[in-house]
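Here the structure is laid out as structure tokens; the discussion comes afterwards.
Chain letters run A, B, ... following the sequence lines, proteins first, then strands; residues in each count from 1. Since we're looking at a predicted model, the values are computed, not measured. The figures here come from the full heavy-atom set of this structure, side chains too, leaving out hydrogens, waters and symmetry mates.
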Amino acid sequence: MSTNTELATIFQEMADILALQGANSFRVSAHARVARELADLSTDVRTLVERGEDLTTYEGIGDKSAKKISEYLETGHITEHETLKAAVPAGLLAILAVPGLGPKTVRLMWEQAGVTDVASLRAQMDAGVIEQLPRMGAKTVENIRTALAFLETSADRVRLGAALPVAESMLTTLRAVPGVIEAAFAGSLRRGCETIGDIDLLVATTDPDAAGEAFRTMDGVVQVLAAGATKSAVRLGSGLQVDLRVVEEASYGAALLYFTGSKQHNVRLRERAVKRGLRLNEYGLFPDDGTHDEAPQRRGIAPVAARTEEEIYAAVDLPWIPPELREDRGEFTAALPDLITCDDIRAELHAHTTASDGRLSIEALVAEAKRRGYHTIAVTDHSRSSVLANGLDVERLRAHVDAIRAVDAKTKGIRVLAGAEVDILVDGDLDYDDETLAMLDLVVASPHVSLKQDRAKATARILAAVRHPLVHIIGHPTGRFVGRREGLDLDLDVIIAAAVEHDTALEINANNVRLDLRDTHVRAAVEAGALIAINTDAHGAEHFDELRYGVLTGRRGWLTADRCVNAWPARRLHDWIAAKRP
DNA sequence: GCCGTTTTCGGCCCGACTGTTTTCAGTCG
């Protein structure tokens, strides 16, 4: 685990324990805020401190938290954290993670029923003790049982690539329901996060009941979690939770804004509204008449803006902010970039054929790229060390290059490059010698094995490839798998600086299992002026469709088309590629 | 605990739903 992740975990744990103790809720959220800030940092916090940077310049980190971070870096622990941990049973924090159970309830169960962990919670439910507690009843106990069973059988978050098609399919069904005017997904899915906790759907309709009913009875729904007039929630057979909010067309923009989040972005927006004498909620932006007992929309007050997101942003003096940037990571103050789109992508520079572990012939791969309107496709099969992927030795590679060049010669309307995805070996050497590499039009260098090296070794390894004069792109630089494998622990700042110096592009591997570089890394690379490649690493025709996940990740990293080599016109791209050849 | 061209103290976003209650606390997003 990286230092940032370790510290983020500690601060979140402190927030949880403070909440259990009934501490001031703002103090609780301040700790959680620091945890989030640390988790988002692309630079190792130890490096920042060693450079002499003042951590309190980061939004949400004050003197006290900065001192605690310093203490951790010096001693390996935080005294306050130890004290807090000693005050509550360790097993209580796991109970806090059960959906529907918050700090107040967990504390009640601890103090009045002796619950200290999941096992004792089960025992006390069985003994009928929980049901007798204040504000608890048979239904609540039943809900806790269901939630516990669910937690045991499912992973916590779902990959973007697994959720997006489900959401789109459900939207298709909802759009066909009579009365539905607009339907969209919101939440972390719309923001393009690499994983999502649940799917949030939004519908504007003249017939709320019909939309709610259609939603709750949709194919794949196994449990209805909530069924209100404007809000429903269901669980799918896959374990995925889906929430639906139903609104009138007049407040669609306010609702879309609200349910897209992030929560932090919304909080900032509402603060901005308050400063302008306005109140923002999911029904619209309203004048603040000082009456807060009842919501403005219930009192017939006309909103200043509500129909579209654009109107609402404009009313608080902001341009429309793309969902991918709504993370409270500077989007309110910075000049907003013209973010890259899928339509900007004109080239695929990392794809496999049957020569290694792909499923397409060279001709089929080229035909697919051409069908998508690309001006360039690079054929980049695996190098010899990737034995399981049927990597090519030099002899097979020569024959393969000849075959690729033959296809290029006879194919019109698209340039076919003879390349390779070359392993970056453990010590940073590449899997082919320079003479072989020089024969190729394009070299993508990627790490595939030994992904648990220590930070220094890992950084030196990737750095060697970045500096190699014959390498164009570093493929999936960390080798991580979303939620499954952490990948190389790299000093990204060093890698990025070298990438800028040597004009080497860093890849966003668009495969939704990889998404590597990740969003925060892309942001750091873009800010430093590095080039980014977005490649699908296609092994079959359908993999080209994964492009959108890579583009979303790029957008979350504030990437513009000008910084992405795949978006360049053919001439510019080919010149860049040729410049790395003798 | 954090923050400040109104403030270094006193604020800190807003509403729906559930399950328990006879008016609301807790949780969630």
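For A:Thr230, a side-chain nitrogen or oxygen approaches OP1 or OP2 of B:dC17 to under 4.0 Å. Considering only side-chain N and O atoms, A:Asn24 lies nowhere under 4.0 angstrom from the phosphate OP1 or OP2 of B:dG1. For the OP1/OP2 pair of B:dG1 and a distance below 4.0 Å, the side-chain nitrogens and oxygens of A:Ser29 include no atom meeting the criterion. Residue A:Arg279 has a polar side-chain atom (N or O) positioned under 4.0 Å from OP1 or OP2 of B:dG15. Close to B:dC12, at under 4.0 Å from its OP1 or OP2, lies no side-chain N or O of A:Ser25. OP1 and OP2 of B:dC2 both lie 4.0 Å or more from every side-chain N or O belonging to A:Tyr58. Side-chain N/O atoms of A:Lys231 include none lying less than 4.0 angstrom from OP1 or OP2 on B:dC17.
Across all strands shown, A:Ala23 has no heavy atoms under 4.0 Å from either base or sugar-phosphate atoms. Nucleic acid contact for A:Ser65: sugar-phosphate only, since backbone atoms but no base atoms lie under 4.0 Å from a heavy atom of the residue. Among the protein residues, A:Phe259 comes within range of no part of the nucleic acid, since none of its heavy atoms lies under 4.0 Å from any strand. When heavy atoms are screened at a 4.0 angstrom cut-off, A:Arg245 is found touching the sugar-phosphate backbone but no base atom. Residue-level contact check: A:Ile61 touches the backbone only, with heavy atoms under 4.0 Å from sugar-phosphate atoms and none from bases. A:Ala273 comes within contact range of no nucleotide atom at all, as no heavy-atom separation falls under 4.0 Å. Residue contacts shown for A:Leu18 are absent, as no nucleic acid heavy atom lies under 4.0 Å away. Nucleic acid contact class of A:Lys275 (heavy atoms, under 4.0 Å, all strands): none. Note on A:Lys263: a base of the nucleic acid sits closer than 4.0 angstrom, heavy atoms only. Contact annotation for A:Ala138: backbone-only contact, meaning every heavy-atom pair under 4.0 Å involves sugar-phosphate atoms and none involves a base. Looking at heavy-atom distances under 4.0 Å, A:Asn266 makes no contact with the nucleic acid at all. In this structure, A:Pro103 reaches the sugar-phosphate backbone alone: every heavy-atom distance under 4.0 Å involves primed, P, OP1 or OP2 atoms, never a base.
Here the two rings, on A:His81 and A:Phe11, have centers that are 6.0 Å apart or farther.
The separation of B:dC14 from B:dT20, taken at their P atoms, amounts to 30 Å, rounded to a whole angstrom. Nucleotides B:dT22 and B:dG26, compared at atom P, are 14 Å apart to the nearest Å. One P atom belongs to B:dC2, the other to B:dT6, and the distance between them is 23 Å to the nearest Å. Distance check on atom C1': B:dG19 versus B:dT23 gives 13 Å, rounded to whole Å. B:dT5 and B:dG1: their C1' atoms are spaced 24 Å apart (whole Å). Comparing the P positions of B:dG11 and B:dA16 gives a spacing of 26 Å, expressed to the nearest Å. B:dC12 sits 13 Å from B:dT7 when the C1' atoms are compared, rounded to a whole Å. Taking atom C1' on both B:dG15 and B:dG10, the two are 25 Å apart, rounded to the nearest angstrom.
Both A:Glu59 and A:Gly100 sit near DNA chain B, but only A:Glu59 has its closest nucleotide nearer the 5' end. Comparing A:Leu225 and A:Asp200 along DNA chain B, the residue whose closest nucleotide (by nearest heavy atom) sits nearer the 5' end is A:Leu225.
A donor-acceptor contact under 3.5 Å is formed by the side chain of A:Arg135 with the base of B:dC24.
As rounded to whole Å, 17 Å separates atom P of B:dT18 from atom CE of A:Met136. Taking atom CG of residue A:Leu108 and atom C1' of nucleotide B:dA25, one finds them 12 Å apart after rounding to whole Å. What separates CD of A:Glu37 from C1' of B:dG1 is a distance of 14 Å, to the nearest Å. For A:Arg27 and B:dC9, the CZ to P distance is 20 Å, given to the nearest whole Å. Atom pair A:Lys104:NZ and B:dG26:P shows a separation of 5 Å (rounding to whole Å applied). Going from atom CD of A:Gln264 over to atom C1' of B:dC28 covers 15 Å, rounded to whole Å. For the pair A:His81 NE2 and B:dG1 C1', the computed distance is 17 Å after rounding to whole Å. When the P atom of B:dT27 is taken as reference, atom NZ of A:Lys139 falls 17 Å away, rounded to whole Å.
Note on A:Glu37 versus A:Arg33: salt bridge recorded, some NZ/NE/NH1/NH2 to OD/OE distance being below 4.0 Å. With salt bridges taken as basic N to acidic carboxylate O contacts below 4.0 Å, none links A:Arg555 and A:Asp519. Under a 4.0 Å N-O distance rule, the pair A:Lys67/A:Glu71 does not qualify as a salt bridge. Between A:Arg175 and A:Glu168 no salt bridge is recorded (no basic side-chain N to carboxylate O distance below 4.0 Å).
Each of B:dC14, B:dG1, B:dC17 was ranked by its minimum atom distance to the side chain of A:Lys68; first place goes to B:dG1. Of the candidates B:dG19, B:dG1, B:dG15, B:dG1 carries the atom nearest the A:Ala30 side chain, counting heavy atoms from C-beta on. Closest contact between the side chain of A:Thr140 and the listed nucleotides B:dG1, B:dT18, B:dT20 involves B:dT20. Of the listed nucleotides (B:dG1, B:dC12, B:dT27), B:dT27 has the atom at the smallest distance from the side chain of A:Thr105. In this structure, of B:dG26, B:dC14, B:dT18, it is B:dC14 that holds the atom nearest to the side chain of A:Asn281.
Crowding of A:Asp219 atom CG: a count of heavy atoms from other residues, nucleotides or ligands under 6.0 Å not exceeding 12.
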Q.
Please determine whether side-chain contact (heavy atoms from CB on, under 4.5 Å) holds for the pair A:Leu201 and A:Phe259, giving the CA-CA distance in whole Å, both sets of side-chain angles, and the decisive distance to 0.1 Å.
A. CA-CA 8 Å; A:Leu201 301 181; A:Phe259 294 111; over 6 Å; no
Q: Start with the C-alpha distance between A:Lys139 and A:Glu142, add both sets of side-chain angles, then the distance that settles salt bridge (charged side-chain N to carboxylate O under 4.0 Å, His left out), and finish with yes or no.
A: CA-CA 5 Å; A:Lys139 192 69 193 285; A:Glu142 193 48 44; over 6 Å; no
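The closest donor-acceptor contact from the side chain of A:Gln124 to the backbone of A:Ala113 lies under 3.5 Å.
With a 3.5 Å ceiling on both atom-pair distances, B:dT8 lacks any Watson-Crick or G-U wobble partner.
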